[in-house]
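The first residue in the sequence is number 1, and the count goes up from there. Reckoned from all heavy atoms, side chains included, excluding hydrogens, waters and symmetry mates.
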Amino acid sequence: MNCESCGMTIESGPLCEYCKGPDGSLIGFEECLERFVDWSMRKGQAKTREEAEQKSLQYMATMPAWKAHPQVVAANQA
């Protein structure tokens, strides 16, 4: 089973520990996007922040929790 927000392998539930807020609900879009961008930059998958953001939004479009989010949809229509 995978987290619906980030794709991390989990044992149960729709969200991993990193994508859940204190009340168990999905973290905010901006926080999640920032985490994806930071990870992409740390792993060397992007040379610029703009590239990391673009790649992150493309990946988020494949995640059930984010695929219909207006910013993800708009970024992937361009």
Quiz item: Can you tell if the side chain of R35 reaches within under 4.5 Å of the side chain of E31, non-hydrogen atoms only?
Solution: yes
Quiz item: If you measure from CD on E4 to CE on M63, what distance do you get to the nearest 0.5 Å?
Solution: 9.5 Å
Quiz item: Parallel, tilted or perpendicular: which fits the ring planes of F29 and H69, with parallel below 30° and perpendicular above 60°?
Solution: parallel
Self-check item: Heavy-atom closest pair, residues M1 and G13
Solution: SD-O, 3.2 Å
Quiz item: What's the spacing between W66 CH2 and C19 SG if we round to 0.5 Å?
Solution: 8.0 Å
Quiz item: Honestly curious: do Y59 and I10 fall in one hydrophobic cluster under the side-chain, below-4.5 Å linking rule?
Solution: no
Quiz item: Do the side chain of S56 and the main chain of A52 share a donor and acceptor less than 3.5 angstrom apart?
Solution: yes
Quiz item: Is L26 linked to V72 within one hydrophobic cluster, defined over Ile, Leu, Val, Met, Phe, Trp and Tyr using a side-chain heavy-atom separation of less than 4.5 Å?
Solution: yes
Practice problem: Supply the atom-to-atom distance E53 CD to E34 CD, rounded to the nearest 0.5 angstrom. | Solution: 8.0 Å
Quiz item: About how many Å separate CG of D38 and CZ of R49, when rounded to the nearest 0.5 Å?
Solution: 7.0 Å
Quiz prompt | For Q45, all residues meeting side-chain hydrogen bond (donor to acceptor under 3.5 Å, both in side chains), sequence neighbours excluded | solution = none
Exercise. Only counting residues at least two apart or in another chain, list the ones meeting ring-ring contact (aromatic ring centres under 6.0 Å, His included) with Y18.
Key: none
Quiz item: Can you name the closest pair of heavy atoms from S5 and L15 and give their distance?
Solution: CB-CD2, 3.9 Å
Exercise. Answer yes if L57 and M41 sit in the same cluster of Ile, Leu, Val, Met, Phe, Trp and Tyr residues linked by side chain heavy atoms under 4.5 Å apart, and no otherwise.
Key: yes
Practice problem: Nearest 0.5 Å please: distance from the CG atom of N76 over to the CD atom of Q54. | Solution: 8.5 Å
Quiz prompt | Considering all heavy atoms, the nearest C16-M8 contact | solution = CB-CE, 3.8 Å
